[in-house]
Amino acid sequence: MLERVLIVGSGITAAVTASLLRNILPSTCSLSIWDKARGPGGRMATNRCPNNDRCTVDLGVQYISPISSELHDHKSIYNDLLQNGFLSPMRGSIEGENPYDDDATHYVTPKGSGSIVKHFLEAAGAAIRYNHHVDSITLCDNKTWDVCTLGGQKEQFDCVLLTMPAPQILQLKGSIPSLLESQQVAQRLEAVSYSARFALGLFFSPVVTINVPWSVKYVERDPVIRYIAIDNKKRDSDQDVSMVVHTTVPFGLENIERDKDTICQEVVLPRLRELMPDLPTPVSVKNHKWRFSQVHHAYEGKPGAVVLNEAPLLVIGGDSFTYSKLDGCVYSAEKMVKIISAKL
Ligand SMILES: Cc1cc2nc3c(=O)[nH]c(=O)nc-3n(C[C@H](O)[C@H](O)[C@H](O)COP(=O)(O)OP(=O)(O)OC[C@H]3O[C@@H](n4cnc5c(N)ncnc54)[C@H](O)[C@@H]3O)c2cc1C
C-alpha cells in the first residue's frame, strides 16, 4: 500500500501526473512535489516584470499545437483548458516559415503558460516544496527511498517519480547510478540529447506600442536570432507589452558554457536592435539560458516512462521519454500513472 509518494519536478509532466494520481491514490496517501526552482512550471513557467504584475512573458513554451490524434487522445484535457480560459485559439499572425505540422491547431495561453501548470497542481492538492534540489535518492532497507536535497532536507518516501530531463537524472547520487547501470538504462539516458538556446524577455512601459504586422516572427538565415514574439499580442492578452526572443539552436549550443547575461546583453540584444531599429527601450530585460530546451534525440522507443525499481517503486518520465510538447508530457504522465495504478 502506497503511503508517501514524491514527484521530483513541478513542470507540466509532474503537474499532470499529480492531478491524475489524485484520482486514484487512496485519500490516506500523501502526495509531495519537490522542485529545485523558486516556483512552478519548469520550461512552462511564466516570468513577471519585476515592478509590474500586469506585464508577463513566457520564455519557454510558445504555443500549444496538438495534431488531430493528440486532440483526440487528450480531449478532456483540452476541453477543460479551453472552457476555463487557460487556452484560446491563436488569432495573431505568424511571419516566416514555422516548424509546425500542417495538421496542428495552434492554441495560446492568455494567462501565460505557467497558468496551465498551476491549474493542474491545484487540482492535485499536493504538498509542494520549492528550493528543494534533490541530490541523492538511496534505497533504505529495501522498503523506502531516502531522498536528500542539496540544502540538507531529508525525507522518506515509498514511491518516487522523476520528471526532469534525462541529463539531470544522470546527475543524481545515492542508489541511482547503480540502478541505472543494473537496469541498462544509463546508456540509453546518455543517448538522450536536447537542443539549447538563450531566451530574452523584454518588458515595456504600459504606454508603449510596438508597430509590427505580426505577433510572431521566425527569422530566417540569421546566425543569432531565430524567433521573436510580441508576447502579450501572441497570447491575445490585455496585459502590458512584452516580447520574447529565442536564439538559434546552433548559437545556443556554441555558447552554452558562457555567462547568460554577457551573451544576452552583448550579443543578442544588439542583434535584436539591428533587426528592429525602431524598438522602444524596455523597462526591464530577463536573460535566460535553456541548457535543456527541447528533446533532439528521445529515449529509445519513446516509452513514456521507465520503471527503475519495482519495490519500492521508482519511475523516470518526462519529455525525454516522448517528445517536447504538452502532449508528449501528457503521454508520459499517463504512462507513469498507469504504472502506479497497477501497484494499487
Ligand atoms: C524555448 C522553448 C520553447 C518551447 N516551445 C514549445 C512550444 O511552443 N510548445 C510546446 O508544446 N512545447 C514547447 N517546448 C517544450 C516544453 O516546454 C517541454 O516539453 C515541457 O515543458 C517539459 O515539461 P517537463 O515537466 O517534462 O520538464 P520541465 O519543465 O523541465 O520540468 C522539470 C522540473 O524539474 C526540476 N528539476 C530538475 N532537476 C531537479 C532536481 N535535481 N531536484 C528538484 N527539481 C529538479 C526543474 O526545476 C523543472 O521545474 C519549449 C521548450 C523551450 C525550452
Side-chain angles (χ1 to χ4, degrees), residues 1-42 44-45 73-86 114-134 137-149 153-164 174-175 304-318 321 326-327 329-344:
M1 172 108 151
L2 291 181
E3 286 173 3
R4 290 158 300 173
V5 175
L6 172 68
I7 303 178
V8 182
S10 68
I12 189 67
T13 302
V16 173
T17 304
S19 72
L20 295 173
L21 275 182
R22 185 41 80 206
N23 299 328
I24 62 160
L25 288 176
S27 57
T28 49
C29 179
S30 74
L31 182 57
S32 300
I33 294 179
W34 288 7
D35 198 301
K36 66 180 180 150
R38 280 180 300 168
M44 263 182 98
D73 288 353
H74 303 142
K75 195 174 170 190
S76 61
I77 286 185
Y78 279 101
N79 283 346
D80 171 37
L81 294 176
L82 283 161
Q83 277 160 17
N84 289 298
F86 293 104
S115 66
I116 294 184
V117 178
K118 286 182 187 162
H119 174 62
F120 288 114
L121 289 176
E122 272 167 33
I128 310 180
R129 302 278 175 270
Y130 299 112
N131 300 308
H132 274 47
H133 189 148
V134 173
I137 303 177
T138 308
L139 193 55
C140 186
D141 297 335
N142 266 334
K143 282 192 186 138
T144 54
W145 297 107
D146 258 352
V147 183
C148 298
T149 69
Q153 295 98 344
K154 189 173 173 179
E155 217 171 305
Q156 289 194 334
F157 295 92
D158 44 25
C159 170
V160 175
L161 311 175
L162 305 178
T163 67
M164 63 279 251
S175 308
V306 168
V307 176
L308 213 52
N309 200 65
E310 289 282 353
L313 191 58
L314 197 149
V315 184
I316 50 181
F321 299 87
L326 172 81
D327 293 277
C329 296
V330 175
Y331 284 127
S332 174
E334 288 172 339
K335 181 67 183 286
M336 285 198 280
V337 172
K338 193 172 169 195
I339 291 167
I340 293 185
S341 66
K343 301 274 176 198
L344 294 175

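All residue numbers in this chain count up from 1 along the given sequence. Values reported hereafter were calculated over all heavy atoms of this structure, with side chains retained and with hydrogens, waters and symmetry mates removed.
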(request) Check each of Leu162, Asp146, Leu308, Leu6 against Ile137 using the side chain to side chain contact (heavy atoms under 4.5 Å, CB included) test, and report the only one that passes. (result) Leu162
(request) Identify the heavy atoms of Ile33 and Ala18 that sit nearest to each other, and give their distance. (result) CD1-CB, 3.9 Å
(request) For Tyr331, check ring-ring contact (aromatic ring centres under 6.0 Å, His included) against everything at least two apart and list the hits. (result) His74
If you look only at distance, which donor and acceptor atoms sit under 3.5 Å apart when one is on a side chain in residues 335-344 and the other is two or more places apart or in another chain?
residue	atom	partner	partner atom	Å
Lys335	NZ	Pro303	O	3.0
Ser341	OG	Val337	O	3.3
Ser341	OG	Lys338	O	3.0
Lys343	NZ	Glu310	OE1	2.5

(request) Under the ring-ring contact (aromatic ring centres under 6.0 Å, His included) rule, collect the residues that match up with His119, sequence neighbours excluded. (result) Phe86
(message) Any side-chain to backbone donor/acceptor pair from Ser175 onto Leu139? Under 3.5 Å, distance only.
(response) yes
(message) What's the separation between atom CD1 in Ile116 and atom CG in Leu121, rounded to the nearest 0.5 Å?
(response) 12.0 Å
(request) Please name all residues satisfying side chain to side chain contact (heavy atoms under 4.5 Å, CB included) with Cys148, sequence neighbours left out, ordered by chain then number. (result) Ser136, Lys154
(message) If you apply the rule side chain to side chain contact (heavy atoms under 4.5 Å, CB included), what do you find for Ile7 with Leu31, and how did you get there?
(response) CA-CA 8 Å; Ile7 303 178; Leu31 182 57; 4.1 Å; yes
(request) Would you give the length of the straight line joining atom CD of Glu334 to atom CG of Asp327, rounded to the nearest 0.5 angstrom? (result) 9.0 Å
(message) How long is the straight-line distance from CZ of Arg38 back to CG of Asn131, given to the nearest 0.5 Å?
(response) 8.0 Å
(request) Identify, with sequence neighbours excluded, every residue that meets side chain to side chain contact (heavy atoms under 4.5 Å, CB included) alongside Lys75. (result) Asn79
(request) Sorted by first residue and then second, give each side-chain hydrogen bond (donor to acceptor under 3.5 Å, both in side chains) pair with at least one member in residues 17-34; sequence neighbours left out. (result) none
(request) Give the intermediate values and the outcome of side chain to side chain contact (heavy atoms under 4.5 Å, CB included) for residues Arg4 and Phe157. (result) CA-CA 5 Å; Arg4 290 158 300 173; Phe157 295 92; 3.9 Å; yes
(message) Please find the pair of heavy atoms, one from Thr13 and one from Ser332, that lie closest to each other, and give the distance.
(response) CG2-OG, 3.9 Å
